[in-house]
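Notes to accompany the following structure.
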2 protein chains.
Amino acid sequence: MGAKKNYNDILKNRNLKVTKHRYAILESLEKSKLPVSAESLYIELKKKGISISLSTVYRSLEALYKKGIVIKSILPDYNKAVFEYNHNEHRHHMICIKCHKMQPVTGCPLEEYEKLIESKFNFTVKGHNLEVYGYCDGCESKTED
Amino acid sequence: MGAKKNYNDILKNRNLKVTKHRYAILESLEKSKLPVSAESLYIELKKKGISISLSTVYRSLEALYKKGIVIKSILPDYNKAVFEYNHNEHRHHMICIKCHKMQPVTGCPLEEYEKLIESKFNFTVKGHNLEVYGYCDGCESKTED
DNA sequence: TTTGTAATTGGGAATGATTCGCATTTGCAC
DNA sequence: GTGCAAATGCGAATCATTCCCAATTACAAA
């Protein structure tokens, strides 16, 4: 991706003030391969020596989510929200039913579908959420039910 | 679908005991056009004169969900789980960002995509979750941010 | 650079959905 | 009908998330 990302501009463009916390959060999220919970992000930031409170992590993530800078999702078997940097490359995830690991998948088959919905239901599509569930490589052969 | 559904068989086939509560829950869910929260289902059952505790509603819904009889989902802006009868006809939903109304859409564009993921990642697909976000007919023209 | 003000933050308390513990009841196989 | 595991009720506990409010900070304008 070439040079260092300019989080300052990303924040300013959306009317969010630039703070060291938000900067650190964006940096962390962008580096992370997998979506993270507010709490694990909090712990990670603490480990890096950043002084921050859990409330701030929640508030920042929510603000970033509202602005579309990060993606938020909640899995039905893991009752907390996870966040990831919105790369705008439209990735979806494979989620393992056993170990809850989320792996990104690029490529999205939904453009046509969205158009269909718009014209059929008079619904203005702004986005979508797609997750594929199953057993990951490691959990494949274990028992179930 | 013609005659009255036999919830007894559905439950027995999945090793769940048949109780009047589960029966009533399935009946309610199947009739409902929209996904409902545990609490609103609880209130609805009470109104019908059924004596049940909220814990039982939660426990039953969870059991039904684990067996694939109902579908559970959690929306990132409405932080509680909603449940719907699994009609096995694979419907997805349009969710309004403003009023949170969920409307079902039949038709699913994902068969090919799942095959692709299976072969590419050695991931055994068991299902998926797709929700389309946007503004519904009624909320269409209101302001945003 | 300094100042004013609204946005942000810390930290702890409050909230609210969901789960748990345990005594009681119920479904159902035998 | 009996026995036992599963299901239930009800209240307490849990846990993620939000809220409150005083202190701090970002940054626009002077």
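Numbered from 1 within each chain, the chains take letters A, B, ... in sequence-line order. A quick note: this is a predicted structure, and the numbers were derived from the prediction, not measured.
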Exercise for review: For DNA chain C, find the residues of residues 32-54 of chain A with a heavy-atom distance under 4.0 Å and give them by number; none if there aren't any.
Suggested key: S51(A), I52(A), S53(A)
Look up atom [atom1] in [X] and atom [atom2] in [Y], then write down how far apart they are to the nearest 0.5 Å.
X	Y	atom1	atom2	result
S28(B)	I25(B)	OG	CD1	8.5 Å
K126(B)	I95(A)	NZ	CD1	16.0 Å
K80(B)	I74(A)	NZ	CD1	12.5 Å
L11(B)	K17(B)	CG	NZ	12.5 Å
M102(A)	H92(A)	CE	NE2	11.5 Å

Exercise for review: Look at the side chain of N122(B) and the backbone N and O of D137(A), then say whether any donor-acceptor pair between them is shorter than 3.5 Å.
Suggested key: no
Exercise for review: May I ask you to decide if S51(A)'s main-chain N or O and H21(A)'s side chain share a donor-acceptor pair within less than 3.5 Å?
Suggested key: yes
Practice item. At under 4.0 Å between heavy atoms, which parts of nucleotides 19-30 of chain D does protein reach? Answer with one letter per nucleotide, 5' to 3': B base, S sugar-phosphate only, - none. Key: BB-----BS---
Distance check needed: [N] [atom2] versus [X] [atom1], whole Å only.
X	N	atom1	atom2	answer
D77(A)	dC15(D)	CG	P	18 Å
Y23(B)	dG27(C)	OH	P	14 Å
E62(B)	dA17(C)	CD	P	16 Å
I25(A)	dT8(C)	CD1	P	12 Å
R22(A)	dA7(C)	CZ	C1'	8 Å
L11(B)	dT26(C)	CG	C1'	15 Å
N15(B)	dA6(D)	CG	C1'	12 Å
N8(B)	dG27(C)	CG	C1'	12 Å

Review point. Does H21(A) put a side-chain nitrogen or oxygen below 4.0 Å from OP1 or OP2 of dT9(C)?
Key: yes
**Study point:** OP1 or OP2 of dT18(D) under 4.0 Å from side-chain N/O of Y58(A)
**Key:** no
Practice item. With heavy atoms under 4.0 Å as the rule, sort A63(A) into base, sugar-phosphate or nothing. Key: nothing
Check your understanding: Should L34(B) and V132(B) be regarded as members of a common hydrophobic cluster, given that ILVMFWY residues are connected when their side-chain heavy atoms come within less than 4.5 Å of each other, either directly or indirectly?
Key -> no
Tabulate below the donor-acceptor pairs under 3.5 Å that side-chain atoms of residues 57-65 of chain A make, not counting sequence neighbours, or state none.
unit_1	atom_1	unit_2	atom_2	d
S60(A)	OG	T56(A)	O	2.8
E62(A)	OE1	K72(A)	NZ	3.2
Y65(A)	OH	D77(B)	OD1	3.3
Y65(A)	OH	D77(B)	OD2	3.0

